[in-house]
Amino acid sequence: MVRHIVMYRLKDENKEENVRLMKEKLEGLNGKIEGLHGLRIDRDCNSHQYDVCLTADFDDLAALKHYKNHPLHVAASDFVHEVMAERSAFDFEV
């Protein structure tokens, strides 16, 4: 299994509403993309350096690649890229 973690710092404008929308859009992918075994959004991570943390588990690296290119993820990701100021990500086997 592969764990995918992404931390986001959001732009200041409409931050709280954008956190809510990110959570709705990204957690809405649960059960809709093959190989994704759970995705959650948490608020305030890494000693408040970031506003939002995404944690997702996948079957393997191929499933993660499938997720990244899936049209549902691409649509959610388009929104995220509009509202984020900075992003840091890493993947590891669990």
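Index from 1, following the sequence.
- K25 places no side-chain N or O within 3.5 Å of a backbone atom of V80 that could act as its donor or acceptor partner.
- For the atom pair CG of L64 and CE of M1, the computed distance is 12.5 Å after rounding to the nearest 0.5 Å.
- Note on V6 and V83: same hydrophobic cluster, where clusters join Ile, Leu, Val, Met, Phe, Trp and Tyr whose side-chain heavy atoms are under 4.5 Å apart, directly or indirectly.
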Which atom pairs, donor and acceptor, lie under 3.5 Å between side-chain atoms of residues 26-36 and protein residues at least two apart or in another chain?
unit_1: E27; atom_1: OE1; unit_2: K23; atom_2: NZ; d: 3.4
unit_1: E27; atom_1: OE2; unit_2: K23; atom_2: NZ; d: 2.9
unit_1: E27; atom_1: OE2; unit_2: I41; atom_2: N; d: 2.8
unit_1: N30; atom_1: OD1; unit_2: L39; atom_2: N; d: 2.7
unit_1: N30; atom_1: ND2; unit_2: E27; atom_2: O; d: 3.0
unit_1: N30; atom_1: ND2; unit_2: L39; atom_2: O; d: 2.9
unit_1: K32; atom_1: NZ; unit_2: G28; atom_2: O; d: 3.2

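- Counting only residues at least two apart or in different chains, salt bridge (charged side-chain N to carboxylate O under 4.0 Å, His left out) contacts with residues 84-94 comprise R9-E86.
- Scanning both residues, A63 and D60, for their nearest heavy atoms gives N-OD1, 2.8 Å.
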Carefully, step by step, assess R40 and L54 under the rule side chain to side chain contact (heavy atoms under 4.5 Å, CB included). CA-CA 6 Å; R40 75 173 203 243; L54 174 151; over 6 Å; no
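- The ring pair (Phe, Tyr, Trp, His ring centres under 6.0 Å) pairs that include a residue from residues 3-41 number zero, where partners must be two or more places apart or lie in different chains.
- Residues that satisfy the side chain to side chain contact (heavy atoms under 4.5 Å, CB included) test with F90, not counting sequence neighbours, are I5, M7, F92.
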Side-chain donor-acceptor contacts of residues 66-78 below 3.5 Å, not counting sequence neighbours, with atom names and distances?
unit_1: Y67; atom_1: OH; unit_2: H73; atom_2: NE2; d: 3.4
unit_1: N69; atom_1: ND2; unit_2: K65; atom_2: O; d: 3.1
unit_1: H70; atom_1: ND1; unit_2: L72; atom_2: N; d: 3.1
unit_1: H73; atom_1: ND1; unit_2: Y67; atom_2: O; d: 3.4
unit_1: H73; atom_1: ND1; unit_2: K68; atom_2: O; d: 3.3
unit_1: S77; atom_1: OG; unit_2: H81; atom_2: ND1; d: 3.1

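- The pair E16-R20 does not meet the salt-bridge criterion, since no charged nitrogen lies less than 4.0 angstrom from a carboxylate oxygen.
- When atom types are taken as modelled, the side chain of N14 and the backbone of E17 share no donor-acceptor pair closer than 3.5 angstrom.
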Carefully, step by step, assess Y50 and L10 under the rule side chain to side chain contact (heavy atoms under 4.5 Å, CB included). CA-CA 8 Å; Y50 294 93; L10 302 185; over 6 Å; no
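- For R3, the salt bridge (Lys or Arg N to Asp or Glu O under 4.0 Å) partners are D57, not counting sequence neighbours.
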